[in-house]
Amino acid sequence: MSTLKINAVNSETQFAELSGRVIAYRSIGTGSPIILINRFRGTLDTWDPLFLDLLAEKHQVITFDYSGIGYSTGTLPTDIKEVAKDVKDLADFLKIEKAILMGWSYGGLITQAATHQYPELVTHTILLGTGPAGKRVVPLEQSFLDHALKPINDFNDEVILFFEPESEESKKAAKASHDRIAQRIDVSKIPSTMDVFQLYFAGGENAADDKDNFRDKLKTTKTPILIISGDHDTSFAVENWYPLTRQLPTSQLIVLPQTGHAPQHQNIPLVVNYIDNFLQNTK
């Protein structure tokens, strides 16, 4: 009698009762833990299941919702250091002493904060479709703002926000990813009001002010960092990393062509291979 394999689509939503809030999370796979840290408006349901399943072939893959977002209770903090505490508190709840952190977009800012705050926890840092803390060289494109702030996003919005509308291959990947995510998504859990958006924006402004000098700390960290970006990211342009070229001793930057804000949803096997190779060959 065969047993059902736990994967991203059928994994159980579990709840960590923490101080002042309940954090919703899911866990699949076994091996070294990877904690995934979500984008603006992202929930447990908005990661591509195929991406999670391929990662889970070699790792324990943990996804979660920030305080006050999605299936979690509480309120999303406006200081990225406080948001990063969700990561540490969840790791402590799960009795994880060492973890790989992987952050996408806004989650990349939270991941950087967590990397600097909790170096004893973090073995490796992976940043997807995001930028360094501090002022941006290239700002958000208007097209991103035009689509990102709609109460509910349709498929066309997703193409513009996360993929490369000028590329037919990218649009095909967008449809495939959309259909996989649609297997398990509760749209009602996706943040949709300006009140919640403002909490994210305040966190972004906090990261831009960078009063904790997280940007400079990238220059002295001992943590290996992998950065994967699309060549046309309307939210976090890859060009924002270029002023730091030759200043980041542990960071590697990969730029994928004809790719937008979600390189890990468009180029899944390739990105997973890059991640696996990075983890195997850095300490």
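Just so it is clear, the structure is predicted and the values come from calculations on it, not from any experiment.
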Hey, is [X] close enough to [Y] for a salt bridge, meaning N to O under 4.0 Å?
X	Y	value
Lys135	Asp209	yes
Asp53	Arg180	no
Lys171	Glu168	yes
Asp45	Lys189	no

* Asked: Between Thr73 and Arg21, does a side chain to side chain donor-acceptor pair (under 3.5 Å) hold up when you go through it step by step?
  -> CA-CA 5 Å; Thr73 68; Arg21 78 272 196 221; over 6 Å; no

Minimum heavy-atom separation for [X] and [Y], please, with both atom names.
X	Y	value
Phe93	Ala16	CD2-CB, 3.4 Å
Ile190	Arg41	CG2-O, 3.6 Å
Gln258	Gln266	O-NE2, 2.9 Å
Phe214	Gln117	CZ-OE1, 4.1 Å
Asn10	Lys5	ND2-O, 3.0 Å
Lys219	Leu244	CE-CD2, 3.8 Å

* **Option from Thr223, Thr250, Thr115, Thr282 for which side-chain hydrogen bond (donor to acceptor under 3.5 Å, both in side chains) with His124 holds** =>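 Exactly one pass, corresponding to Thr282.
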
* Quick one: are the ring centres of Tyr71 and Phe15 less than 6.0 Å apart? ->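 When the ring centroids of Tyr71 and Phe15 are compared, they turn out to be at least 6.0 Å apart.
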
* May I ask you to check whether Phe236 and Trp241 place their ring centers less than 6.0 Å from one another? =>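 No, they do not, as the ring centres are separated by 6.0 Å or more.
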
* To do: Any chance you could lay out the side chain to side chain donor-acceptor pair (under 3.5 Å) test for Asp186 and Ser188, step after step, and finish with the verdict?
  => CA-CA 5 Å; Asp186 183 344; Ser188 72; 2.5 Å; yes

Quick one: do the [X] and [Y] side chains pair a donor with an acceptor below 3.5 Å?
X	Y	result
Asp146	Gln142	yes
Gln60	Ser27	yes
Thr13	Arg26	yes
Asp65	Thr43	no

* Whether Tyr106 and Tyr66 hold their rings parallel, tilted or perpendicular, with breakpoints at 30° and 60° ->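 Plane angle over 60°, so perpendicular.
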
* Is it the case that one hydrophobic cluster holds both Ile110 and Ile23, taking links as side-chain heavy atoms less than 4.5 Å apart, direct or via other members? ->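 Both belong to a single hydrophobic cluster.
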
* Are Ile37 and Ile69 in one and the same hydrophobic cluster, where Ile, Leu, Val, Met, Phe, Trp and Tyr link if side-chain heavy atoms are under 4.5 Å apart? ->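 Same cluster: Ile37 reaches Ile69 through Ile, Leu, Val, Met, Phe, Trp or Tyr contacts under 4.5 Å.
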
Check: [Y] main-chain N/O paired with [X] side-chain donor or acceptor under 3.5 Å:
X	Y	result
Asp86	Ser67	yes
Asn213	Asp216	no
Glu164	Ile160	no

* **Leu140 CG to Asp233 CG distance, which is reported to the nearest 0.5 Å** =>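 Reported value, rounded in 0.5 Å steps: 9.0 Å.
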
* To do: Would you verify whether the NZ or CZ of Arg39 falls within 45 degrees of the ring axis of Tyr200 while also being under 6.0 Å from that six-membered ring's centre?
  =>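 Ring-cation test returns no.
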
* To do: Carefully, step by step, assess Ser105 and His261 under the rule side chain to side chain donor-acceptor pair (under 3.5 Å).
  => CA-CA 8 Å; Ser105 186; His261 187 43; 2.9 Å; yes

* **Stepwise ring-ring contact (aromatic ring centres under 6.0 Å, His included) check, Phe162 with Trp104** => CA-CA 11 Å; Phe162 304 121; Trp104 176 19; 5.7 Å; yes

